[in-house]
> 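Quick one: the structure is below, and I'll ask about it shortly.
Note on naming: letters A, B, ... go to the chains in the order of the sequence lines (proteins, then strands), and numbering restarts at 1 for each one.
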There are 2 protein chains.
Amino acid sequence: MNKSAKTAGSSEAGQRRRATSYDVAELAGVSQSAVSRVFQQGASASKEMRDRVMAAANKLGYRPNAIARGLITQRSNMVAVVISQQTNLYYPEFLVQLTQRFSEHGIRVLLFALEHEGDIEQMLEHVLQYRVDGLVTAAMLTPHQFRTIENAGVPVVLYNRTFPDTVANSVRCDHTEGERWLIGKLHEAGHRRFAIVTGPEDSAVSTERTRGALERLEELGVREVPIVHGDYSSASGRAAFADIMDNLGHAPDAVVAANDAMAIGCIDAAREDYGLDVPGGVSIVGFDGVGPARFAAYDVTTVRQPVGRMTEAAVAMLIDRIGNPSISAEQRVFSGERIRGSSARFKEPGDG
Amino acid sequence: MNKSAKTAGSSEAGQRRRATSYDVAELAGVSQSAVSRVFQQGASASKEMRDRVMAAANKLGYRPNAIARGLITQRSNMVAVVISQQTNLYYPEFLVQLTQRFSEHGIRVLLFALEHEGDIEQMLEHVLQYRVDGLVTAAMLTPHQFRTIENAGVPVVLYNRTFPDTVANSVRCDHTEGERWLIGKLHEAGHRRFAIVTGPEDSAVSTERTRGALERLEELGVREVPIVHGDYSSASGRAAFADIMDNLGHAPDAVVAANDAMAIGCIDAAREDYGLDVPGGVSIVGFDGVGPARFAAYDVTTVRQPVGRMTEAAVAMLIDRIGNPSISAEQRVFSGERIRGSSARFKEPGDG
DNA sequence: AGCCGGTTTGAATGCGGATGCAATATTGCC
DNA sequence: GGCAATATTGCATCCGCATTCAAACCGGCT
């Protein structure tokens, strides 16, 4: 009643102090606690109270202050997501999916992006100051850093990272298995002279893939495999292929790149710079199954990470741990999807 | 000295309540205010005080609580960044750069990722509840939503988006100009029969590009240009090219795709599905200058958005507005970098 | 010794909302 | 109608830190 006198509140004044629950309470003629309860899940409030409060709240443009709420409830409803530059460049779906999935649970993502995987130290301090409820990291942290975070009461989920001697929650793709399959198939199809293009040295993922490949090669009796370093970019893959040619003096039977981007670079180099047919003259395989790997001009033979299932698992796992911090750790390992492209000669379409 | 004996405080107890400034004060034998001052920038504290407090803080593993600090200072030191799925898929550098640049100013990014550009409404509520200091959006909002946010005292910077009749801060690439250049060059080189592949209908960027292309074609007297809809993916580009062939019954002289991914799809279609040479049989141009556009197999003729300068501008602009909310709006428009790839026949290397 | 300007320090208060507890209102039931 | 059981509501307090104001302190100088 008498609404015209009070309307001034909401829309017009841009600069005025934001309305608080006290303002709403006063306008609605109730207590601040009542306002608080109306804006909560399982709180008791009569329909009439609810209506009066909501009316006042709308009139004032009131919104509960998540910061204040976080202070009193000890739950910020934010999780930190730590990625390196690489992560978002090569798996852009990762961040978006993670954010959307957390969002469905009412959880926001506070993003931390590292130039290199090693830069975590300063970042860590900020992560902890924000009292996030949890942390997902797709960048490497030291066991010491990991313990620092968990000791601060923040559950951590490692994404495609693991520790040798520390119990931690993790979600990862089985890179070793994937590389072993690729090598096995190449060998089976008659390839004998291999070359490997690795990723950045500080990349845990690259290390794991390269190790997997080398182990399998060793088992198959293939020795003296030249290893060239790249940085995950296609340009570095192209340069790496040139290095290999220089090293060997001739084309290898197969090049195993630590990711698809470099595999694409290798294919470009083979065709453009050395006039080699792919896979006729040389077979080239990658890893990841990213979008560009499926462009018709490349159609890279690779192993695809099931990013969708992995982000889903990471989110579920972190939410579980937030709800019950004392449950024991779990590791979830996903096999990659084997993609027989046309950048490598394989024996036949039958399974192996 | 005696390091083993004292380590107990911080590292071991995982579950204990986090240390507060009062805990530190008590241990150091000083007041809480003193602790607060030691952890601030321009606060006065003697060296001795500083040392005592820091010693106690380290012993307890104390870290100032950013949430509580935000409540009292009315500054959360967080900005919201709103993106659509597309944004991160096609410009993964955008988010990383933005985050890193804000980080240099002590500002964290709270990420909101939309499935589609239209889904802002619910999100908005959350953005405002978190009392972010500012907002950068690479997704479209309605003028009404924009005003809601600014009325709540949150400065907004639009990224590659604009409003017809609302004064707003924005950073964008001049898509119109870029498309006009591409069309002009194609026409100059003798292309007459054009086809256009647009992006998703809810993409403001795609609309602007298509409009720019059509305007220039109109000026050049080219009419009846078939327009096919894509969704920014390379697969949709490939399908779109087939549609064009069906429509026309023959190959156009040039296909103008609203982004590089679709241009790549078109190139695949032309070569693989129709045996056409690119650019011999058909010229294909894109937009964005993304990484894959430079793969040797495509080498797309395109206009590159200067993402680095644009994110820098967006960050600087938002920080200015946060520091001084009353300064008037500014629009920064960047020209794209013109990239003469080899996917289109252009007249000659000279400038135009 | 006494006084002054300047620097440190501490006590008290508030930011905005959640919650335990007690007071009150409502309902059900005999 | 009266009383117990239940649902609502308000009061007071607390979350952790920044900040104002006044008190304490310090060195220099007359």
Side-chain angles (χ1 to χ4, degrees), chain A residues 16-54 56-57 60-78 106 126 128-133 152-153, chain B residues 16-54 56-57 60-78 106 126 128-133 152-153:
Chain A
R16 260 220 338 264
R17 189 175 57 78
R18 308 273 293 261
T20 73
S21 56
Y22 283 97
D23 301 331
V24 175
E26 187 178 352
L27 177 58
V30 301
S31 74
Q32 178 270 332
S33 334
V35 177
S36 172
R37 288 197 253 264
V38 167
F39 279 88
Q40 273 180 85
Q41 291 294 7
S44 77
S46 65
K47 170 152 173 26
E48 194 207 321
M49 165 106 304
R50 221 169 272 282
D51 293 344
R52 294 183 58 173
V53 168
M54 287 311 286
L60 295 177
Y62 169 77
R63 274 173 255 274
N65 182 328
I67 299 292
R69 174 179 289 172
L71 185 59
I72 189 75
T73 61
Q74 305 282 44
R75 282 282 302 269
S76 63
N77 286 314
M78 299 190 296
H126 296 289
L128 293 177
Q129 292 195 5
Y130 273 92
R131 301 298 193 267
V132 292
D133 297 335
Chain B
R16 256 219 340 262
R17 190 174 57 81
R18 309 272 294 262
T20 73
S21 56
Y22 281 99
D23 300 331
V24 175
E26 186 177 353
L27 179 58
V30 300
S31 74
Q32 178 268 332
S33 332
V35 177
S36 171
R37 288 191 182 101
V38 167
F39 279 90
Q40 274 180 82
Q41 291 293 5
S44 78
S46 65
K47 170 152 175 23
E48 194 207 320
M49 166 107 296
R50 218 168 274 282
D51 293 344
R52 293 182 57 172
V53 169
M54 287 309 288
L60 296 177
Y62 169 76
R63 274 173 255 274
N65 181 328
I67 298 292
R69 175 179 286 174
L71 187 59
I72 189 78
T73 61
Q74 306 281 44
R75 284 280 302 268
S76 62
N77 286 314
M78 299 190 295
H126 295 289
L128 293 176
Q129 292 195 4
Y130 272 93
R131 298 300 191 268
V132 292
D133 297 336

> Taking OP1 and OP2 of dC17(D), is either one under 4.0 Å from a side-chain nitrogen or oxygen of S21(B)?
yes

> Taking only side-chain nitrogens and oxygens of Q74(A), does any of them come within less than 4.0 Å of OP1 or OP2 of dG16(D)?
yes

> In residues 25-38 of chain B, which residues come under 4.0 Å of DNA chain D by heavy atom?
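DNA chain D contact set from residues 25-38 of chain B: Q32(B), S33(B), S36(B), R37(B).
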
> Does A28(A) offer a backbone N or O that forms a donor-acceptor pair with the side chain of R52(A) under 3.5 Å?
yes

> Where is the tightest heavy-atom contact between A68(B) and L71(A), given as atom of each residue plus distance?
CB-CD1, 3.6 Å

> If you look at every strand shown and take non-hydrogen atoms under 4.0 Å, does R75(A) touch a base, only sugar-phosphate, or nothing?
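Contact class for R75(A): none.
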
> May I ask you to evaluate whether T73(A) reaches the phosphate of dG17(C), defined as a side-chain N or O under 4.0 Å from OP1 or OP2?
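For T73(A), the contact criterion (side-chain N or O under 4.0 Å from OP1 or OP2 of dG17(C)) is not met.
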
> Hey, which of these two, A68(B) or M49(B), hits DNA chain C nearer its 5' end, going by closest nucleotide?
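The 5'-side residue here is M49(B).
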
> Does a sphere of radius 6.0 Å around CD in E26(B) hold more than 12 heavy atoms from other residues, nucleotides or ligands, not counting ones at 6.0 Å or beyond?
no

> Would you classify Y22(A) as touching base, sugar-phosphate or nothing, given that sugar-phosphate means primed atoms plus P, OP1 and OP2, and contacts are heavy atoms under 4.0 Å?
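Here Y22(A) touches the bases of the nucleic acid.
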
> Heavy atoms only, 4.0 Å cut-off, all strands: where does R50(B) land among base, sugar-phosphate and nothing?
nothing

> Please report the end-to-end axis angle for the helix from dA1(C)-dT30(D) to dC30(C)-dG1(D), five pairs per end, rounded to 10 degrees.
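Comparing the axis at each end, I get an angle of 40°.
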
> For dG16(D), does OP1 or OP2 lie under 4.0 Å from any side-chain N or O of Y130(A)?
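No, outside the criterion.
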
> Does the side chain of Q32(A) pick up a donor-acceptor pair with the side chain of S36(A) at under 3.5 Å?
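No - no donor-acceptor pair under 3.5 Å links their side chains.
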
